[in-house]
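Worksheet: one structure, shown below.
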Amino acid sequence: LAPVDPTGSGFTAGALDCVSSTECLIGGSAGFFSANGPPATGDVASTNDGGSTWTIATVPAELYGSESGMINGLSCDGIDACAAVGTAGGFAPNFATNTEPPAAIRSVDGGVDWTEGVLPTAGVNDLTAVSCLAGGACEASGDGNTGPALLGATSATGAFSVQGSPAFAQTLAGASCPTASECVAVGVGGGYATYYGQATALVSTDAGALWQQGSVPGGLSSLVAVSCGTASVCVAAGLANEMADTEGDIVENTVPALAYSSDGGLVWNQSSAPSTLDALYDVSCPPTSATTCFAAGYSGDGITTPVTP
């Protein structure tokens with residue numbers, strides 16, 4: 001996919017979902033953060049030609065306002081039902097957590113038109129990812145009052161409800177459910193192997209009731225997104241630790257990184273991200289392809305870059 005700025009006014013990619021090698025939705029924040037200009041707003045754009053042209057969708061007003069709206073997670077069931085989660089702009093901030101309130105939007109026409117989703121009135125501070133299955137059932141992940149939070153919706157228009165808070169993670173940033181019972185979630189673990197933290201991956205085979213911890217390379221400090229094109233093949237995006245010589249001092253930095261699993265998220269291997277990227281925010285592996293995935297990141301402006309696991 002080519003570099004993307006579908007609004008023409010600056011676009012930071014926060015979420016990506018591709019149902020085929022040519023059909024993708026990208027979500028994020030349009031506009032620039034400026035005290036004197038219009039606010040950045042949550043937006044969704046779609047392409048049917050592999051990224052050559054993009055069409056801006058109609059997004060509910062909850063993602064607009066005097067504060068920035070941002071879409072962090074986006075998923076479609078491959079037919080018509082889609083969901084996106086992120087930050088609601090223009091609402092009073094949650095001063096206890098120093099964050100804007102979470103938001104969810106739903107679509108039943110493949111991402112052309114969107115309506116406001118229903119979230120719990122309490123217990124959820126932030127939403128960072130969502131994964132939808134055929135029929136519109138979706139699983140969302142984020143942060144709750146006491147730790148990571150998982151939310152579920154049983155239909156394309158149903159409300160999200162809190163399902164639980166899995167162990168082995170300090171924060172959850174991404175989730176993918178390739179089947180009705182199998183799910184993979186990624187984030188940062190409770191311990192810190194390095195200054196920047198240690199990535200974690202969790203696997204469930206019973207629709208999120210119980211979770212087991214996967215094996216993640218020690219060089220990965222965090223994983224922010226995951227996509228499983230099949231029940232066995234998954235790709236995750238995040239940050240890796242890198243030792244660098246800065247004017248004679250050896251320091252530990254972080255660089256964008258990708259990881260892949262061929263056993264449903266139990267064992268992960270690290271791979272390199274494109275060197276032109278400053279950050280990776282999301283990854284999508286279409287179910288129509290067992291080898292091709294797409295990643296969304298940032299390099300001066302929002303871009304999407306094709307990668308292969």
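Excluded from the calculations below are hydrogen atoms, water molecules and symmetry mates; all remaining heavy atoms, backbone and side chain alike, are included. Worth saying up front: this structure is predicted, and the values here are computed from it rather than measured.
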Of all the heavy-atom pairs spanning [X] and [Y], show the shortest one and how long it is.
X	Y	answer
Phe294	Cys18	CD1-SG, 3.5 Å
Ala129	Gly174	CB-CA, 3.3 Å
Ala173	Ser141	C-OG, 4.1 Å
Val267	Ser261	O-OG, 3.0 Å
Trp114	Ala57	NE1-CB, 3.7 Å
Ala83	Val130	O-CG1, 3.5 Å

Margin query: Determine whether Asp77 and Leu133 satisfy the following criterion, side chain to side chain contact (heavy atoms under 4.5 Å, CB included), listing intermediate values before the conclusion.
Written below: CA-CA 5 Å; Asp77 69 352; Leu133 298 170; 5.8 Å; no

Note to self: Which residues pass the side chain to side chain contact (heavy atoms under 4.5 Å, CB included) test with Ala257, not counting sequence neighbours?
What the structure shows: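 Expected list: Leu220, Ala240, Gln270.
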
Notebook entry, point to check: Considering residues at least two apart in sequence or located in another chain, which fulfil the side chain to side chain contact (heavy atoms under 4.5 Å, CB included) criterion with Leu266?
Noted result: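 Once residues adjacent in sequence are excluded, the partners of Leu266 under the side chain to side chain contact (heavy atoms under 4.5 Å, CB included) criterion are Val203, Gln212, Asp263.
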
Quick one, [X] and [Y] - any side-chain contact, counting heavy atoms below 4.5 Å?
X	Y	result
Val283	Val235	yes
Pro120	Leu151	yes
Val216	Val186	no
Leu25	Cys76	yes
Ser46	Thr55	yes
Tyr260	Cys234	no

Note to self: One pair to check against side chain to side chain contact (heavy atoms under 4.5 Å, CB included): Leu239 and Leu280. What are the steps and the verdict?
What the structure shows: CA-CA 8 Å; Leu239 292 171; Leu280 281 170; over 6 Å; no

Item checked: Donor-acceptor contact below 3.5 Å, side chain Asp282 vs main chain Leu16 ->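 It does hold such a pair.
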
Note to self: So, applying side chain to side chain contact (heavy atoms under 4.5 Å, CB included) with Glu23, which one of Asn48, Thr47, Asp17 is it?
What the structure shows: Asn48

Note to self: If the test is side chain to side chain contact (heavy atoms under 4.5 Å, CB included), which one of Val188, Leu150, Thr128 qualifies with Leu172?
What the structure shows: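 Of the listed options, the one satisfying the test is Leu150.
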
Checklist line | disulfide (SG to SG under 2.5 Å) assessment of Cys138 paired with Cys132 | finding: CA-CA 4 Å; Cys138 298; Cys132 297; 2.1 Å; yes

Next item on the list: State plainly whether one hydrophobic cluster holds both Val162 and Phe160, where clusters connect Ile, Leu, Val, Met, Phe, Trp and Tyr through side-chain heavy atoms under 4.5 angstrom apart.
Entry: yes

Note to self: Check for me, please, whether Val233 and Val184 land in the same ILVMFWY cluster - side-chain distances under 4.5 Å, paths through other members count.
What the structure shows: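 Each belongs to a different hydrophobic cluster.
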
Check: How about Cys177 and Cys228, are their SG atoms within less than 2.5 Å of each other?
Finding: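 Their SG atoms do not fall under 2.5 Å; no disulfide, then.
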
Notebook entry, point to check: Going through the checks in order, is the side chain to side chain contact (heavy atoms under 4.5 Å, CB included) test met by Ser176 and Ser131?
Noted result: CA-CA 5 Å; Ser176 180; Ser131 179; 4.2 Å; yes

Please list every donor-acceptor pair under 3.5 Å in which a side-chain atom of residues 105-112 meets a protein atom from a residue at least two apart or in another chain.
from: Arg106; atom 1: NE; to: Ala156; atom 2: O; distance (Å): 3.4
from: Arg106; atom 1: NH1; to: Gly158; atom 2: O; distance (Å): 2.9
from: Arg106; atom 1: NH2; to: Gly136; atom 2: O; distance (Å): 3.1
from: Arg106; atom 1: NH2; to: Ser155; atom 2: O; distance (Å): 2.8
from: Arg106; atom 1: NH2; to: Ala156; atom 2: O; distance (Å): 3.0
from: Ser107; atom 1: OG; to: Asp109; atom 2: N; distance (Å): 3.4
from: Ser107; atom 1: OG; to: Asp109; atom 2: OD1; distance (Å): 2.8
from: Ser107; atom 1: OG; to: Gly111; atom 2: N; distance (Å): 2.9
from: Ser107; atom 1: OG; to: Asp113; atom 2: O; distance (Å): 2.9
from: Asp109; atom 1: OD1; to: Val112; atom 2: N; distance (Å): 3.1
from: Asp109; atom 1: OD1; to: Asp113; atom 2: N; distance (Å): 3.0
from: Asp109; atom 1: OD2; to: Asp113; atom 2: N; distance (Å): 3.4

Note to self: What I want to check is whether the side chains of Gln198 and Ser221 have a donor and an acceptor closer together than 3.5 Å.
What the structure shows: no

